[in-house]
Number of protein chains: 2
Amino acid sequence: MKPTVHDIAKIAGVSLATVDRVLNGRPGVRSITRSKVEEAIAALGYVRDLAAANLAKSRTYSFVFILPENDNSFMIGLREEVRGAISRSSAERTHIRIADVPPFDPEALVAALEKAIADKPAGVSFVALDAPEVQAAARRVTAAGIPIVTLVSDLPDSPRDHYAGIDNIAAGRTAGSLMGRFLSGREATVAVLAGSMLVRDHRERLEGFSAAIGEAFPGIHILPVLEGRDDPALAETMISDALRRHPDMAGIYSLGAGNRGLIRAIRKADVPKRPVVIAHELTVSTRAALADGIIDAVLNQDAGHEVRSAIRVLKAKADGLPVLAAQERIRIDIFLKDNLP
Amino acid sequence: MKPTVHDIAKIAGVSLATVDRVLNGRPGVRSITRSKVEEAIAALGYVRDLAAANLAKSRTYSFVFILPENDNSFMIGLREEVRGAISRSSAERTHIRIADVPPFDPEALVAALEKAIADKPAGVSFVALDAPEVQAAARRVTAAGIPIVTLVSDLPDSPRDHYAGIDNIAAGRTAGSLMGRFLSGREATVAVLAGSMLVRDHRERLEGFSAAIGEAFPGIHILPVLEGRDDPALAETMISDALRRHPDMAGIYSLGAGNRGLIRAIRKADVPKRPVVIAHELTVSTRAALADGIIDAVLNQDAGHEVRSAIRVLKAKADGLPVLAAQERIRIDIFLKDNLP
DNA sequence: CTGTTAGCGCTTTCAA
DNA sequence: TTGAAAGCGCTAACAG
C-alpha cells in the first residue's frame with residue numbers, strides 16, 4: 001500500500017497536523033521534530049496525493065489569460081481554445097479569466113498585468129510584447145509570487161517561468177530551407193510579407209529565413225520586406241504590386257497574418273508561373289489554398305496545444321512540481337496538402 | 001458553489017447512498033425514486049468530481065501495454081516512454097504492466113491478449129499485427145468489457161476504441177510530395193526501402209508514396225521495393241547494390257527501420273551526386289544524418305505523445321468519458337535540419 | 001510548539 | 001428498497 005500521512009505520523013511518533021506542517025513547510029515545528037518527520041518521509045518514500053490534497057483544500061487554480069483583441073484567424077482560434085479550457089474548468093479544477101487588451105499596446109498590457117496582480121491568481125499567461133515596460137510589469141508579477149507563462153510570443157530577459165510557443169528563428173529557417181529546396185537552389189527572387197518588423201516573432205522569422213537562404217542558397221535573392229500589418233487588404237495590394245514589378249518572382253514567404261489578401265492576390269495574378277508560397281498558421285483560408293495548390297507549405301503552431309500546455313505548466317508551477325519538457329515542447333508543424341489534419 | 005451529492009440528496013429527499021446508486025447505475029432503487037434523483041441531478045446541473053470519486057474508491061487504473069521485443073531505436077524509445085509513464089504511476093493513479101512479445105508473431109500477440117483478459121485490467125494497449133486471429137482476440141478483449149487502444153500500428157475491422165498512431169497513407173503521401181518537390185519534378189529514379197511488405201504500416205506508406213508521386217510527378221520512376229527487414233546490415237547491402245546498379249539514382253525513401261545501414265551505404269557510396277533521402281523516425285542516427293545533410297527530411301511520430309495519449313484515452317474510456325480529439329491526434333512530424341527539437 | 005477533530009466529495013459496508 | 005456511518009488521503013481550524 002502506498003504510504004500516507006498516517007503512516008508518517010505513526011513512524012515519527014507525531015500527530016497528523018505536525019506531519020502536515022512539515023510537508024507544507026509551515027512554521028511552528030521544532031527542528032528536532034521536523035527532522036524526525038522528514039526521516040520518516042524519506043524512509044517510507046512517501047509521495048503526496050495531490051488529488052486528495054486539492055480535495056481537502058477545495059482548491060481551484062485561478063488563472064488569468066491576457067489576450068490581444070486581434071481579429072486574425074490565429075488569435076481568434078487561440079481565444080477559442082482558452083474558451084474551451086474554460087468550459088472544462090470544473091473537471092480541471094481551474095477558474096480562468098480572459099483579459100482582453102488592444103493589440104500592440106504595451107501600456108494596455110502593463111495595465112492588464114497590474115490588474116492581474118491585484119487579483120492574486122495562481123498564475124498568469126499572456127501574449128508578450130517585447131517592451132521594457134512590459135518586462136518591468138512581468139517582474140512585478142513574479143515578485144508577487146505569481147507564475148508566468150508567455151504564450152505564442154515570448155518575453156526574453158524577463159523572469160517568465162515558461163514559454164508556450166514555437167522557436168520563431170527555427171521556424172524562419174525551416175521556411176527558408178523549404179523555399180530553397182522547392183526552388184531547387186536556382187537563381188530566383190523571393191518576396192517576404194510580414195506584419196510588422198516591430199513584432200519580435202516576425203523579426204525572428206525573417207532572421208531565420210534570411211540566414212537559411214544565405215547559407216545554403218546563394219542564388220536566391222530576397223526582396224525588401226513588405227510590411228502588410230497583418231491586414232488582408234493591404235497584403236493584397238502589396239503582393240499584387242510586387243508581382244507586377246517582378247513578374248519573375250519565384251517565391252513568397254508570408255511570415256505574418258493577413259493571408260487572405262495574399263491568396264487573393266496570387267489567384268488574380270497574371271504571371272507565367274505561380275510562385276512557391278510558404279505561409280504561417282493553418283486557418284480556413286490557408287488550408288483551402290494549400291488544398292488548391294496556391295500555397296505550397298504552411299508552418300503552424302498548434303494553438304490548442306499551446307493553451308493546454310500553458311495551463312498544465314501553470315498548475316505545475318503553482319504546486320512547485322516539475323513539468324514534462326517533452327510534452328510541453330510546442331512543435332513547428334509543417335503542413336503540405338498531404339498531411340492536413 | 002458547485003453542487004455535490006449532498007445537494008442532490010437534499011433536493012430529492014433521499015440519502016447519499018441512494019444518490020450514489022443512481023449516479024452509478026447500480027440496482028436496488030425503485031424507478032420512482034430513481035427519477036426523483038435524476039430530476040434533482042438535472043436541475044442542479046451536477047457533474048461528478050472524478051478526483052473525489054477515485055479517492056473514495058482508492059482507485060488505480062491498471063493497464064497492460066503489449067510491446068514487441070523489437071530492437072530498433074523507435075521501439076526501444078516507445079518502450080522507454082511506457083517506462084516513463086510507469087515511473088509516474090503513483091501520481092497518475094495508474095498501474096501499468098508491460099507484456100513483451102516476439103515481433104511479427106501473431107500467435108504470441110494473441111496469447112498476450114488472452115493473458116491480458118485474464119488480468120482484468122482497466123484497459124489494454126498494443127502494437128497491432130494485421131492478422132485475423134489478432135482481430136478475433138481483440139474482439140474477445142472487447143467482449144470482456146476492456147477498452148482497447150492500438151498503438152503505432154492499427155487494427156482495422158476490429159472494435160478497438162482508439163488508435164494512437166499516425167495515418168500511414170498520409171505519411172507516405174507526404175514523403176512522396178516532398179520527394180517530388182525536392183527533385184523539382186524532373187525525370188528521376190527513386191528507390192524505396194521497406195522493412196517488410198507484410199506489415200500494414202509499411203504497405204500503407206508505400207501506397208501513399210506511390211500515389212502522390214504518380215499523381216503529381218510523372219517523371220519519377222519508382223524502383224521495385226527493397227525489403228530490408230528493418231535490419232541495418234541487410235539495408236546497407238541492398239542500398240549499396242542499388243546505388244551501384246543505378247548510379248543516377250536521385251532519391252531514396254526509407255519507410256521502415258534499419259536506417260543505420262542506409263546511412264552507412266550512402267556515406268560510402270561513390271556517386272556523382274548524393275540522392276535525396278527521406279526516412280522515418282527521428283533517432284540518434286537519423287538525427288545525425290539530418291544534421292550532416294545525408295538525410296534531407298525525416299517523418300516522425302512522437303512516441304511520447306502516443307503513449308501519453310493512449311493512457312489518457314484508456315482512462316477516459318474506463319470512466320466512460322469523452323476524449324479531446326484534437327489533443328489525441330498524433331501528428332506526422334516533418335523534421336528538416338532546421339527544426340530539430 | 002503540538003495534537004484533536006471535523007471536514008473536502010464520493011463510495012461502501014452494514015443495518016434496517 | 002433505503003439509510004446511517006465510516007473512511008479514502010489530506011488540510012485546517014481550534015485547543016492545549
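Order of the sequence lines sets the chain letters (A, B, ...), proteins ahead of strands, with each chain counted from 1.
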From the candidates dT11(D), dC10(C), dC8(D), the one with an atom nearest any side-chain atom of Asp20(A) is dT11(D)
Hey, does the side chain of Asp161(A) reach the backbone of Ile148(A) with a donor-acceptor pair shorter than 3.5 angstrom?
yes
In whole angstroms, how far is the P atom of dT11(C) from the CZ atom of Arg21(B)?
12 Å
Check this for me: does any side-chain nitrogen of one of Asp319(B) and Arg59(B) sit under 4.0 Å from a carboxylate oxygen of the other?
yes
Looking only at side-chain N and O atoms, does Thr33(B) come under 4.0 Å of OP1 or OP2 in dT2(D)?
yes
Between dT2(D), dT4(C), dC8(D), which one does the side chain of Ala17(A) approach most closely?
dT4(C)
For Val14(A), answer base if it contacts any base atom (sugar-phosphate contacts may also be present), sugar-phosphate if it contacts only those atoms, and nothing otherwise; contact means non-hydrogen atoms under 4.0 Å.
sugar-phosphate
Residue Tyr46(A), side-chain atoms from C-beta onward, closest of dC10(D), dG9(C), dT1(D)
dC10(D)
Ranking dT11(D), dT2(C), dC8(D) by distance to the side chain of Arg30(A), first place goes to dT2(C)
Rounded to whole Å, CE of Met1(A) lies from C1' of dC8(D) at a distance of 9 Å
Taking CD1 from Ile8(A) and P from dT2(C), how many angstroms apart are they, rounded to a whole number?
16 Å
Can Arg83(A) and Glu80(A) be counted as an ion pair, charged N to O under 4.0 angstrom?
yes
With a cut-off of less than 4.0 Å, is there a side-chain N or O of Ser15(A) near OP1 or OP2 of dG3(C)?
yes
Take the protein atom CG of Asp7(A) and the nucleotide atom C1' of dC10(D), then report the distance between them rounded to whole Å.
13 Å
For Thr18(B) and dG3(D), is the shortest distance between a side-chain N/O and OP1 or OP2 below 4.0 Å?
yes
Examine dT12(C): is either OP1 or OP2 under 4.0 Å from a nitrogen or oxygen in the side chain of Arg26(B)? Give yes or no.
yes
Would you say dT11(D) has OP1 or OP2 under 4.0 Å from some side-chain N or O of Arg59(A)?
no
Counting only heavy atoms not in Lys115(A), do more than 12 sit closer than 6.0 Å to its NZ atom?
no
Rounded to whole Å, how long is the line connecting atom CG of Leu16(A) with atom C1' of dA13(D)?
14 Å
Spacing between Asp49(A) atom CG and dG7(D) atom C1', to the nearest angstrom
14 Å
Can you tell me how far C1' of dT11(D) sits from NE2 of His6(A), to the nearest Å?
11 Å
Side-chain contact check for Leu23(B): nearest option of dC10(D), dG3(D), dT11(C) is dT11(C)
Atom CG of Asn54(A) to atom C1' of dG9(C): distance rounded to whole Å?
13 Å
Note: Ser125(B) and Ala310(B) closest approach over all heavy atoms is OG-CB, 4.0 Å
Lys315(B) side chain to Glu92(B) main-chain N or O, any donor-acceptor pair under 3.5 Å?
yes
Return the nearest nucleotide to the side chain of Val29(B); candidates are dT2(D), dG9(D), dC8(C).
dT2(D)
Side-chain contact check for Lys57(A): nearest option of dT11(D), dA4(D), dT11(C) is dT11(D)
